[in-house]
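Some notes on the structure that comes next.
Along the sequence shown, residues are numbered consecutively beginning with 1.
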Amino acid sequence: MGEHSPKVDAYIAKAKPFSQPILEHLRALMHRACPKVEESIKWGQPFFSYNGTILANMSGFKEHCHLGFWDKNLSEEVRNSGDGPLKRITSLNDLPPDKQLLAWIRQTAANVDKGEYRSPIAERERKTKPEAQVPPDLTAALKKNKRAAETFKAFSPSCRREYVEWITEAKREETRAKRISTAVEGIAEGKQRNWKYQS
């Protein structure tokens with residue numbers, strides 16, 4: 001049986017009062033449909049994964065809640081690309097019947113088991129961008145810090161690209177120099193560019 005994460009408990013406890021029963025209900029359905037589901041907080045929201053694959057995420061906003069499925073085998077409407085039934089949930093009455101929600105969760109988990117799950121992340125990665133060209137001033141700064149250089153080399157291409165783009169977007173030399181210094185310091189500590197937003 002998947003365990004409840006204290007971080008998700010805290011997220012729901014801090015949510016608006018109207019959204020708490022909605023979030024609790026969605027969470028309960030996730031566990032009912034997929035007993036091995038794992039909970040985590042990513043990008044500040046509760047995520048539900050199965051065998052290392054994201055099934056769905058939920059959010060509680062000021063005036064509505066949202067449930068988003070990640071398997072591209074499900075319709076766009078269900079995955080909330082448009083104005084689907086799970087995009088703006090303001091009460092339990094806005095939800096599709098439990099039977100339907102359970103079916104979508106079970107279908108997504110079954111697709112993981114069958115190797116038929118289509119991840120939007122994997123599809124984005126297939127459209128790979130070329131390796132980022134590391135500017136000479138960043139290369140020089142990394143050479144002066146062995147740990148940072150090794151960590152930067154071990155980062156994924158997208159992680160390296162985030163640092164390179166952040167540095168090269170600087171308009172002034174002073175800003176660029178400061179960003180390089182901050183980057184090297186963070187990289188030496190193993191931090192990705194947007195580490196603050198990761199769980």
Would you give me the side-chain donor-acceptor pairs under 3.5 Å for residues 10-18, sequence neighbours excluded?
residue	atom	partner	partner atom	Å
Y11	OH	G60	N	2.8

*Could you tell me which residues satisfy side chain to side chain contact (heavy atoms under 4.5 Å, CB included) with Q45, sequence neighbours excluded, listed by chain and number?*
F47, N57, S59
*asked:* Walk me through whether E63 and T90 qualify under side-chain contact (heavy atoms from CB on, under 4.5 Å).
replied: CA-CA 7 Å; E63 297 177 355; T90 58; 5.9 Å; no
*Would you say the side chain of R193 lies within less than 4.5 Å of the side chain of I187, judging by non-hydrogen atoms?*
no
*State, with a plain yes or no, whether a side-chain heavy atom of Y117 is found less than 4.5 Å away from one of T108.*
yes
*When you look at H25 and D98, which way does the side-chain hydrogen bond (donor to acceptor under 3.5 Å, both in side chains) test go after all the steps?*
CA-CA 9 Å; H25 186 69; D98 286 359; 2.8 Å; yes
*Where L86 and P96 come nearest, the two heavy atoms and their spacing*: CD2-CD, 3.6 Å
*Note, W166 side chain near T182 side chain (heavy atom, < 4.5 Å)*: yes
*asked:* I want to check something: taking the side chain as every heavy atom from C-beta on, are M30 and L26 in contact at a cut-off of under 4.5 Å?
replied: no
*May I ask you to test the M58-H66 pair for a side-chain heavy-atom distance under 4.5 Å?*
no
*Give the minimum heavy-atom separation between K191 and Y163, together with the two atoms involved.*
O-OH, 2.8 Å
_Any C65 side-chain heavy atom under 4.5 Å of L23 side chain_ = yes
*Which heavy-atom pair separates A148 from V184 by the least distance, and what is that distance?*
CB-O, 3.7 Å
*Donor-acceptor pair, N73 side chain versus E116 backbone, under 3.5 Å?*
yes
_pair R27-H4: side-chain heavy atoms closer than 4.5 Å_ = yes
*Criterion side-chain contact (heavy atoms from CB on, under 4.5 Å) on V37 and S49, from CA distance to verdict*: CA-CA 6 Å; V37 76; S49 301; 6.0 Å; no
_Shortest non-hydrogen contact between C34 and I105, atoms and distance_ = CB-CG2, 4.3 Å
*Compare every heavy atom of P21 with every heavy atom of L92, then report the nearest pair and how far apart it is.*
CD2-O, 3.8 Å
*Going through the checks in order, is the side-chain contact (heavy atoms from CB on, under 4.5 Å) test met by D71 and V112?*
CA-CA 9 Å; D71 185 358; V112 172; over 6 Å; no
*Is there a side-chain contact between E39 and H31, using heavy atoms and a 4.5 Å cut-off?*
yes
_Can a donor-acceptor pair be found, under 3.5 Å and without considering hydrogens, that links the side chain of R147 to the backbone of A188?_
yes
*For P135 and T168, which heavy atoms make the closest approach, and how far apart are they?*
CG-CG2, 4.1 Å
*Partners meeting salt bridge (Lys or Arg N to Asp or Glu O under 4.0 Å) with K153 (sequence neighbours left out)*: none
_Applying side-chain contact (heavy atoms from CB on, under 4.5 Å) to V134 and R160, what does each step give before you reach the verdict?_
CA-CA 8 Å; V134 182; R160 289 193 294 270; 5.5 Å; no
*Could D94 and R88 be called an ion pair, given the rule that one side-chain N must be under 4.0 Å from one carboxylate O?*
no
*How are the rings of H64 and F61 set to each other: parallel, tilted or perpendicular (split at 30° and 60°)?*
tilted
